[in-house]
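To start, the structure under review is shown below, and the notes come after it.
Both backbone and side-chain heavy atoms feed into the values below; hydrogens, waters and symmetry mates do not. Remember, it's 1-based here, ligands and their atoms both numbered in the order they're listed. Numbers here simply count residues along the sequence, with the first being 1.
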Amino acid sequence: MRLLREMPLPRVKPAGANPESHGHKPQPKATAKSQVMEFKLHPGGVISGEARVPGDKSISHRAVMLGALAVGETRINGFLEGEDALATVAAFRALGVRIEGPEEGELRVHGVGLHGLKAAGNTLDMGNSGTSIRLLTGILAGQAFDSRLSGDASLCRRPMGRIMRPLELMGARIDADAGDTPPLTVHGGQALAGIHYDLPVASAQVKSCVLLAGLYAAGTTTVTEPAPTRDHTERMLQGFGYEVRRDNDVILLRGGGRLRATDIDVPADISSAAFFLVAASIAPGSELLLTHVGMNPTRTGIINILTLMGADITVQDEREIGGEPVADLLVRYAPLRGIEIPEDQVPLAIDEFPALFVAAACAEGRTVLRGAEELRVKESDRIAAMAEGLSTLGVANEVLEDGIIIDGGRLGGGVIRTHLDHRIAMAFAVAALRAEDEITILDCDHVATSFPGFDALARGLGLQISTRAGGEDGEDA
Ligand code: S3P
């Protein structure tokens with residue numbers, strides 16, 4: 001393990017800590033006619049300093065959900081004040097749960113117990129958040145009342161059959177207005193029974209949905225994973241005093257137990273840190289310390305893959321906080337080389353591929369990704385959206401059904417479309433560090449779903465980024 005060099009590093013305030021934000025409601029969404037935000041990036045720059053990126057999105061969602069279903073008061077620190085997690089907060093308020101905050105990342109959830117939720121008066125708006133709708137549908141399938149869930153244009157294109165099928169096998173009744181996409185109607189009052197479910201895709205959202213429905217099911221619910229996916233639900237259920245067993249690839253719980261309130265510290269989101277791990281790796285002269293980063297082994301594919309590409313990342317001060325491993329990451333510029341990405345790393349880096357594709361574009365030689373068809377059903381089709389943007393910048397690439405081939409080389413400038421996807425916007429912002437011309441990124445409002453304050457933090461660390469109101473919303477709505 002290498003020691004931090006004795007050089008003073010400028011400190012940047014945590015992006016999530018906005019003293020003016022009381023965050024009782026999600027930020028108003030851009031409507032079909034509203035102006036949207038664009039990023040403008042001057043080429044070049046060096047990344048240096050120290051930063052703690054906002055709280056982990058997956059853990060923030062689960063902390064609210066389990067806190068709401070527990071008996072007693074759950075205090076959450078380091079909560080992500082992003083639109084996705086705030087959509088989960090708003091949904092539980094609508095379901096009758098008193099939630100105070102967030103104020104400077106602290107949230108207090110006054111749990112109502114597993115059977116204390118009340119019918120929401122209106123459709124629950126899950127915004128852009130796949131995690132909110134999929135996990136919440138699992139919980140709502142076990143309630144005595146009906147619910148309706150919807151979201152934005154991106155969410156209303158995403159497949160829900162993957163959760164509807166196992167929930168229906170458990171005895172739930174769920175209707176999708178069209179095909180298998182939201183809006184969804186969940187019919188309450190159904191008696192659920194435990195099932196054994198072999199997940200057809202490696203998906204933590206589907207696994208978590210089934211396990212959460214399993215809390216309301218008679219008997220035992222077991223889930224088998226084709227490959228390990230993030231295990232925050234299992235860890236946190238145990239933190240709330242609920243017994244969950246894992247036997248190799250099988251996860252098991254029994255319905256009818258009880259969750260006891262607890263305190264939760266949310267680590268910084270490795271999926272947000274990923275943009276700066278890549279930024280400092282590709283910009284010559286960079287040195288950056290990212291603090292308090294969540295290092296759950298089901299999430300560290302980004303570090304494994306970048307290291308295989310030749311990145312210089314040192315993991316420091318590894319510790320465990322509230323059942324989740326955490327560390328500080330020191331990253332310095334290093335020349336990267338193209339690789340064949342090992343397929344077993346794909347579920348462990350599933351949200352980090354937009355950033356990794358930019359690393360591949362800046363690497364020497366060819367990078368090949370296969371076995372990643374899941375990228376096609378994220379907030380956008382991330383293979384198509386990234387290929388389009390890379391081609392705009394003049395980076396040679398070939399799209400595969402389940403991945404992409406990228407030949408590293410020179411990056412030009414141009415105008416990038418995000419397809420309403422936060423991670424596409426942030427990935428191309430980082431690409432500007434190695435571009436030869438200006439990059440404009442259209443439609444960047446969705447960055448606030450996972451990384452509020454990204455532009456300010458990125459500017460503080462050396463990215464030459466400015467924002468401006470752009471054209472009308474609805475690029476591909
Ligand atoms: C998430 C699981 C992943 C990930 C998403 C968050 C979660 O999705 O892409 O951003 O919190 O469970 P899948 O489980 O569908 O792969």
Provide, to 0.1 Å, the distance between [atom] and the closest protein heavy atom, together with that atom's residue and name.
atom	answer
atom 14 (O) of ligand 1	A204 N, 2.7 Å
atom 10 (O) of ligand 1	D351 OD2, 2.8 Å
atom 11 (O) of ligand 1	S58 OG, 2.7 Å
atom 12 (O) of ligand 1	R62 NH2, 2.6 Å

Practice item. Heavy-atom distances under 4.0 Å are what count here, so tell me which part of K207 touches ligand 1: side chain, backbone, both or neither. Key: neither
Practice item. Examine the proximity of ligand 1 to K378 and report which part, side chain or backbone, both or neither, has a heavy atom under 4.0 Å away. Key: side chain
Check your understanding: Which of the numbered atoms in ligand 1 are below 4.0 angstrom from a heavy atom of I350?
Key -> 9 (O)
Check your understanding: Does R423 pair with E352 as a salt bridge, N-O distance under 4.0 Å?
Key -> no
Check your understanding: Salt-bridged, R376 to E374, with N to O below 4.0 Å?
Key -> no
Got a second to check how far [X]'s [atom1] is from [Y]'s [atom2], nearest 0.5 Å?
X	Y	atom1	atom2	result
M37	H446	CE	NE2	11.0 Å
M386	I406	CE	CD1	7.0 Å
T298	L348	OG1	CG	7.0 Å

**Study point:** K57-ligand 1 polar pair, N/O distance under 3.5 Å
**Key:** no
Study note, to complete from the structure: Test side chain to side chain contact (heavy atoms under 4.5 Å, CB included), reference M295, set D328, T300, V326, output is T300
Check your understanding: Parallel under 30°, tilted from 30 to 60°, perpendicular over 60°: which one fits the rings of F357 and F353?
Key -> tilted
Practice item. Report the member of S203, S132, S271 with the shortest heavy-atom distance to atom 15 (O) of ligand 1. Key: S203
Exercise for review: Please state whether T131 comes within less than 4.0 angstrom of ligand 1, counting heavy atoms only.
Suggested key: yes
